Amino acid sequence: MDYNFKQIESKWRQRWNDQQTYRVEIDNSRPKYYVLDMFPYPSGAGLHVGHPLGYIASDIYSRYKRLCGYNVLHPMGYDAFGLPAEQYAIQTGQHPAVTTEQNINRYREQLDKIGFSFDWNREVRTCDPAYYKWTQWAFLKMYAHYYDRTARKALPISALEERFAERGTDGLDAACTAEMRFTAAEWTSWDEARREQVLQNYRLAYRADTMVNWCPKLGTVLANDEVKDGLSVRGGYPVEQKRMKQWSLRVTAYAQRLLDGLDTLEWSESLKEIQRNWIGRSVGAQVFFDIEGSERKLEIFTTRPDTIFGVTFMVIAPEHEWVSELTTPDNRAAVEGYIEQTKKRSERERIAETRRVSGVATGSYAVNPFTDKAIPIYISDYVLAGYGTGAIMAVPAHDSRDYAFARHFGLEIVPVVEGGDIEKESYDAKSGRMINSGFLTGMDVKEAIPAMFDEVERRGLGKRLVNYRLRDAIFSRQRYWGEPFPIYYKGDTAYPLSEDKLPLELPPIENFGPTEQGEPPLARVKGWTTEEGYPLELSTMPGFAGSSAYYLRYMDPHNDKALVSKEADEYWRSVDLYVGGIEHATGHLMYSRFWNMFLYDLGYVCEQEPFKKLVNQGMIQGRSNFVYRVVGTNKFVSLGLRAQYETQEIHVDVNIVRNDQLDLEAFRRWRPEFADAEFILEDDKYICGWAIEKMSKSMYNVVNPDNIVENYGADTLRMYEMFLGPIEQSKPWDTNGIDGVHKFLRKFWRLYFDRDGKLALTDEAPTAAELKSLHKTIKKVREDIENFSFNTSVSAFMICLNELGQCRKRAVLEPLAILIAPFAPHIAEELWETMGHNASVFDAAYPDYDEAYLEESAFEYPVMVNGKLRFKQEYPLSATAADIQASVVKAEGAQKWLAGKTPKKVIVVPGKIINIVI
RNA sequence: GCGGAUAUGGUGUAAUUGGUAGCCACGUCAGACUUAGGAUCUGAUGCCGAAAGGCGUGGGGGUUCGAGUCCCUUUAUCCGCACCA
């Protein structure tokens with residue numbers, strides 16, 4: 001009886017489902033382990049063969065951990081809110097809930113075929129009201145808290161109100177949108193709306209007028225991580241900067257903790273680096289510059305206070321609040337023209353034209369506090385409104401952008417650091433001796449920086465300040481298919497719904513586009529108000545809202561009293577191993593950490609970091625195949641002969657190509673126009689060309705895992721995906737080669753059974769060689785799993801099989817069946833049961849190796865002469881280096897190469913190598 | 001421009017972490033069994049060479065008895081950030 005994978009796999013799929021094999025509960029008698037995959041967005045296209053790569057790796061790991069005695073939490077769910085379903089709804093009128101449900105069912109069907117050990121009782125869907133109740137709950141908590149820098153944690157906003165009533169802002173160091181100063185008396189004198197406006201400045205979830213990424217085509221604002229090169233990540237539509245009133249999360253409050261936390265995580269260095277860059281910490285100073293003829297002072301941020309003596313002008317962003325105020329009547333026309341021109345340019349154009357210098361003078365002057373000279377204030381779009389204060393002190397001698405600007409406008413360039421030639425270019429390096437700099441002159445830059453910090457603070461011009469590139473996350477989307485905000489309005493003032501009103505359910509709707517007035521779709525809903533008739537917020541939450549705490553919900557998915565119970569949280573704690581794509585580096589992985597830290601501050605969770613160890617699986621690219629049509633005919637010429645013809649390259653469906661050889665009949669059936677195709681063959685075969693491209697429908701290179709499972713079985717798919725190469729590496733999918741793994745599994749099967757399908761194991765004692773082979777494999781496989789090196793463990797199984805030959809001994813094959821179980825669970829279960837075990841193979845103990853079987857008594861040394869391998873010589877392992885040194889020269893092999901000469905040196909590394917240097 | 005990663009046969013890859021480069025597969029070639037083969041089994045397969053031997057881990061240089069691995073330099077590809085003051 002041959003290896004009937006179809007029968008075996010459907011049997012065990014059924015059995016695992018019926019017996020709830022992978023259901024897990026809290027079990028204080030066993031150590032826990034939490035293995036998580038990034039849950040998928042259920043798209044209409046279904047899974048392709050690249051998606052399960054990470055799932056298979058994590059499944060192998062969790063099955064392994066389970067076999068090692070851990071209580072393993074390994075859940076799966078769906079990130080079900082989002083733009084694509086809604087775009088589809090706008091086009092077709094189908095409700096996103098319907099298409100999402102369909103897609104989820106399709107995903108589930110596909111996932112089930114691969115034999116994952118997910119506990120489906122814990123499934124979550126972000127679009128389920130019972131789930132998003134807790135998304136809304138967390139939002140309300142953020143709304144009701146502010147971040148106190150002194151306490152280094154989030155505190156209730158009510159405490160802030162009390163504080164304001166007692167002493168105003170005196171002594172307060174809190175994360176806020178703009179620094180505020182007021183007294184207790186002022187606070188008490190304000191009305192409710194005014195106070196609320198002030199509190200919005202501090203809330204961790206707040207509504208404010210801010211510069212946002214507006215995507216007109218999608219009709220919504222987007223967060224920074226949803227925009228790339230001035231285009232939306234979803235859809236690739238142009239994005240522009242616009243000032244709008246939007247909800248945001250004060251992620252920046254946690255910037256330092258998000259940065260510090262990275263050091264405690266087992267993440268790849270490159271991923272940590274991406275997050276560090278995204279947070280973008282820079283240490284510098286805030287400095288206030290006097291403005292001539294004004295009481296106000298222009299605030300700037302600089303990391304080079306040492307160069308203040310070289311400041312010869314200042315530049316503010318076109319969007320700066322004071323533009324109008326600083327513009328003198330003579331310059332008004334020019335300034336307004338410039339601003340108009342900047343507005344018209346999209347973000348994308350602005351990025352493309354970074355080299356071009358543009359700007360205009362305001363006519364106002366500031367005063368350099370150290371040289372006392374009047375310096376002109378300019379407007380230019382090379383200064384960004386969103387970073388620092390949107391204003392800079394320009395040091396043309398030591399900043400290349402300021403230099404280009406000064407050259408263009410003929411402004412003064414005063415060098416203050418020695419080195420470089422300011423006639424040619426600016427000298428940006430942070431080293432050298434200070435010149436033309438008053439009290440700093442003669443110091444090195446490294447001394448001058450702290451000296452100037454001190455001086456600025458002493459003279460009350462400003463203070464040391466740490467700045468972050470990280471922006472607060474814009475949290476509202478003018479969309480339908482997302483979580484509604486538990487917020488209502490009285491006039492323009494926002495109020496939270498009370499927690500007992502949650503979940504605030506998304507109302508049904510038929511038209512999914514924006515209204516004619518450009519309002520979000522929820523504006524169409526009659527009665528989208530509170531019971532008292534106050535209007536509810538019309539925007540919904542963004543995609544990352546639902547994915548920010550889903551790992552917590554898996555711990556306790558059916559709890560309607562809390563996001564996660566104390567008991568469940570304290571048992572499961574945090575994710576021990578998280579597997580997913582690197583594309584979430586600055587989005588989901590950032591927001592989740594923020595969300596979790598916030599819940600940690602409030603005492604709802606016991607771990608500060610949600611994902612202890614993280615593995616990024618590589619992207620799977622497509623491998624396209626081509627046929628070559630002779631131009632103007634319906635003849636197709638094989639790859640090797642195409643040079644003789646004028647041909648046209650056409651993508652052909654990879655599913656009708658095998659090992660680059662075209663299935664001619666299937667090709668004729670593929671599309672009607674090829675029904676009577678003729679072929680020019682080489683060696684009676686049609687060989688296709690190939691290329692590595694993105695996996696997509698239009699390239700006909702999408703490989704569906706269902707087809708692989710159908711033809712080879714899930715166990716083959718699982719092992720082959722691992723065999724393909726290191727898990728972190730991006731690589732093209734190539735079905736060529738899957739035969740090797742399939743062949744291995746068939747051979748493996750045939751080791752246990754005779755021709756009639758009867759178990760053919762013997763109770764004979766294994767030989768030393770067999771035991772050595774077994775224990776070597778156990779050792780290798782265990783180590784490889786721990787190191788996430790699954791490709792080499794698959795190889796180890798193949799080597800073991802080659803070494804075992806026809807060994808049918810139970811003492812060898814029984815542990816081998818358990819050893820392979822994480823990789824090929826179906827076949828392992830079947831073998832285990834056939835061998836007479838009642839319980840699942842996953843209730844067994846994972847085999848461990850015994851060093852004793854691996855020991856060698858003698859070692860055949862490779863002997864090198866002058867670094868080149870010349871002969872081999874065996875010595876017992878007990879032989880000392882000195883013994884070998886003395887005797888190896890006398891060996892027959894050595895005599896030939898020495899040719900009578902005396903060696904200069906003989907190097908012996910016991911157990912490794914001998915090198916004779918002549 | 002800054003930061004990170006990668007580079008090994010025709011292909012995917014491996015290398016006890018400084019110690020016999022190419023394990024394990026795919027592919028190819030030869031053979032066996034076959035009416036047949038997208039089945040199975042055996043053998044060969046880095047390059048040059050008849051052989052002895054030589055050359056080989058993107059290129060150049062260095063350290064070392066010994067380098068795919070360490071150091072310097074250079075090239076190519078991929079990814080992230082990018083007028084961040």
Side-chain angles (χ1 to χ4, degrees), chain A residues 2 228-229 268-278 280-282 284 300-304 307 315 317 350-351 353-357 380-384 386-395 398-402 404-405 428 467-470 582-583 585-586 618-619 623 658-661 663 690 711 720 723-726 728-741 743-744 746-747 750 780 783 789 791-802 860-870 872 903-909 911-918:
Chain A
D2 219 15
K228 214 193 148 207
D229 299 329
S268 72
E269 215 27 67
S270 64
L271 178 52
K272 288 189 196 177
E273 206 51 37
I274 291 173
Q275 290 216 340
R276 283 189 196 110
N277 287 340
W278 190 258
R281 181 181 200 263
S282 56
I300 59 99
F301 173 76
T302 180
T303 54
R304 292 294 303 273
T307 61
V315 188
R350 203 165 148 165
I351 291 166
E353 293 175 15
T354 51
R355 292 286 126 85
R356 199 195 290 170
V357 178
S380 174
D381 66 2
Y382 86 86
V383 174
L384 304 175
Y387 184 76
T389 61
I392 62 156
M393 60 174 220
V395 187
H398 305 290
D399 182 287
S400 51
R401 295 151 303 173
D402 297 345
F405 194 85
D428 294 14
N467 221 321
Y468 300 92
R469 204 187 68 90
L470 185 71
I582 193 132
E583 65 273 17
T586 54
M619 298 264 207
R623 186 179 190 276
R658 197 187 156 101
N659 286 345
D660 291 336
Q661 191 184 334
D663 181 333
W690 60 273
N711 295 334
Y720 184 58
F723 185 67
L724 227 41
E728 292 96 339
Q729 201 169 298
S730 284
K731 57 215 157 215
W733 175 265
D734 185 357
T735 310
N736 298 346
I738 196 168
D739 282 335
V741 171
K743 213 186 282 179
F744 159 77
R746 279 209 306 264
K747 277 201 232 170
R750 284 203 301 263
K780 175 83 176 141
E783 285 170 357
S789 174
N791 55 329
T792 51
S793 39
V794 175
S795 294
F797 281 116
M798 292 179 174
I799 295 167
C800 181
L801 206 61
N802 289 346
E860 194 181 36
Y861 280 88
V863 183
M864 331 267 287
V865 178
N866 286 340
K868 282 206 163 62
L869 176 69
R870 291 307 181 189
K872 289 185 181 179
K904 281 197 198 120
K905 215 197 253 184
V906 178
I907 293 139
V908 177
V909 184
K912 288 201 170 166
I913 206 148
I914 300 168
N915 193 5
I916 301 170
V917 185
I918 304 172

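Every chain is numbered from 1, with letters handed out A, B, ... down the list of sequences. From a predicted model like this one, the values you see are computed outputs, not experimental measurements.
- The listed nucleotides are B:rA85, B:rG38, B:rC83; the one nearest the side chain of A:D663 is B:rG38.
- Pairing of B:rA30, defined by two Watson-Crick or G-U wobble distances under 3.5 Å, is identified with B:rU42.
- Taking only side-chain nitrogens and oxygens, A:R870 never comes nearer than 4.0 Å to OP1 or OP2 of B:rU20.
- Contact annotation: A:K912 does not reach the phosphate of B:rG18 (side-chain N/O to OP1 or OP2, under 4.0 Å).
- Residue A:I907 is in base contact, counting any heavy-atom pair closer than 4.0 Å across all strands shown.
- Atoms CE (A:M619) and P (B:rU6) sit 18 Å apart, rounded to a whole Å.
- Judged purely by atom type and a 3.5 angstrom limit, A:Y861 has no side-chain atom pairing as donor or acceptor with the backbone of A:K872.
- Here B:rC41 is the nucleotide among B:rU20, B:rC41, B:rA85 with the atom lying nearest to any side-chain atom of A:K743.
- For the OP1/OP2 pair of B:rC55 and a distance below 4.0 Å, the side-chain nitrogens and oxygens of A:K868 include at least one atom meeting the criterion.
- Remark: the separation of the P atoms in B:rU57 and B:rU11 is 16 Å, to the nearest Å.
- Shown here for A:N277 and A:R469, the closest heavy-atom pair between the two residues is O-NE, 3.3 Å.
- Between B:rG12 and A:K731, no contact under 4.0 Å exists linking OP1 or OP2 to a side-chain N or O.
- Pairing of B:rG9, defined by two Watson-Crick or G-U wobble distances under 3.5 Å, is not identified with any nucleotide.
- Comparing A:K747 and A:G737 along RNA chain B, the residue whose closest nucleotide (by nearest heavy atom) sits nearer the 5' end is A:G737.
- When each of A:S789 and A:V917 is assigned the nucleotide of RNA chain B with its nearest heavy atom, A:S789 is the one assigned upstream, toward the 5' end.
- Ring geometry for A:F301 against A:Y387 counts as perpendicular: the plane angle is over 60°, on a 0 to 90° scale with 30° as the lower cut.
- Its glycosidic angle being within 90° of 0, B:rU17 falls on the syn side.
- The nucleotide whose nearest atom lies closest to any side-chain atom of A:I274 is, among B:rU40, B:rG80, B:rG27, B:rG80.
- For B:rA14, there is no paired nucleotide, since no Watson-Crick or G-U wobble pair has both relevant distances below 3.5 Å.
- When distances are taken from the side chain of A:N736 to each of B:rA85, B:rC26, B:rG19, the shortest belongs to B:rC26.
- The CD1-P distance, from A:I300 to B:rC83, rounds to 19 Å in whole Å.
- Not a single donor-acceptor pair under 3.5 Å links the side chain of A:K747 to the backbone N or O of A:N802.
- A 4.5 Å side-chain heavy-atom check between A:V794 and A:Y720 finds every atom pair outside the cut-off.
- Side-chain atoms of A:R870 never come within 3.5 Å of backbone atoms of A:V863 as a donor-acceptor pair (strictly under, hydrogens ignored).
- In this structure, A:F744 atom CZ and B:rG12 atom P are separated by 23 Å, rounded to whole Å.
- Contact annotation for A:E269: no contact, since no heavy-atom pair falls under 4.0 Å across all strands.
- Distances were taken from every side-chain heavy atom of A:D739 (C-beta onward) to each of B:rG27, B:rC81, B:rU40; the shortest belongs to B:rG27.
- Looking at A:V357 and A:Y382, their side chains never come closer than 4.5 Å, going by heavy atoms from C-beta outward.
- Side-chain atoms of A:R469 lie closest to B:rC81 of the nucleotides B:rA85, B:rC65, B:rC81.
- Remark: C1' of B:rC83 and NE2 of A:H398 are 19 Å apart, rounded to the nearest angstrom.
- As judged by a 4.0 angstrom heavy-atom cut-off over every strand, A:N791 is placed among residues touching the sugar-phosphate backbone only.
- A:R746 has its CZ atom 14 Å from the P atom of B:rA25, to the nearest Å.
- Taking the C1' atoms as reference points, B:rU69 lies 15 Å from B:rU6, given to the whole Å.
- Atoms CG (A:D428) and P (B:rC83) sit 15 Å apart, rounded to a whole Å.
- For B:rC81, the paired base is B:rG1 (Watson-Crick or G-U wobble, both distances below 3.5 Å).
- At the heavy-atom level, A:F723 lies under 4.0 Å from base atoms of the strands shown.
- Between B:rG58 and B:rC24, the distance separating the two C1' atoms is 25 Å to the nearest Å.
- Between the C1' atom of B:rG19 and the CD1 atom of A:I916 lies a distance of 15 Å, rounded to the nearest Å.
- Summarising the base pairing, B:rA52 is matched to no nucleotide, lacking a Watson-Crick or G-U wobble pair whose two defining distances lie under 3.5 Å.
- For the pair A:R304 and A:D428, the tightest heavy-atom approach, listed with the atom from each and the gap, is NH1-O, 3.4 Å.
- Using a 4.0 Å heavy-atom distance criterion, A:N915 is classed as a base contact.
- An OP1 or OP2 oxygen of B:rG4 is reached within less than 4.0 angstrom by no side-chain nitrogen or oxygen of A:N277.
- Of the listed nucleotides (B:rA25, B:rA85, B:rA14), B:rA14 has the atom at the smallest distance from the side chain of A:T792.
- Between B:rU45 and B:rA36, the two P atoms lie 29 Å apart (nearest whole Å).
- Remark: the separation of the P atoms in B:rC71 and B:rU64 is 16 Å, to the nearest Å.
- Using atom C1' as the reference point in both B:rG60 and B:rA67, the two lie 16 Å apart (nearest Å).
- In this structure, of B:rG4, B:rC24, B:rC65, it is B:rG4 that holds the atom nearest to the side chain of A:S270.
- Listed pair A:R623 / B:rG12 fails the phosphate criterion, with no side-chain N or O lying under 4.0 Å from OP1 or OP2.
- The separation of B:rG68 from B:rU77, taken at their P atoms, amounts to 26 Å, rounded to a whole angstrom.
- Taking atom C1' on both B:rC70 and B:rG66, the two are 13 Å apart, rounded to the nearest angstrom.
- With B:rA14, B:rA82, B:rU20 as the choices, the nucleotide that has an atom nearest any side-chain atom of A:P726 turns out to be B:rA14.
- Between the P atom of B:rG4 and the CD atom of A:Q275 lies a distance of 17 Å, rounded to the nearest Å.
- Proximity of a side-chain donor or acceptor of A:N915 to a complementary backbone N or O of A:G867 within less than 3.5 Å is detected.
- Counting non-hydrogen atoms under 4.0 angstrom, A:D402 reaches nothing in the nucleic acid.
- Under the Watson-Crick or G-U wobble criterion, with both distances below 3.5 Å, B:rG37 is left unpaired in every strand shown.
- For B:rG9, the O4'-C1' to base torsion is within 90° of 0; the nucleotide is therefore syn.
- Counting any heavy atom pair closer than 4.0 Å across all strands shown, A:I799 reaches sugar-phosphate atoms only and no base atom.
- Taking OG of A:S268 as the reference point, atom CD1 of A:I582 lies at 5.0 Å (rounded to 0.5 Å).
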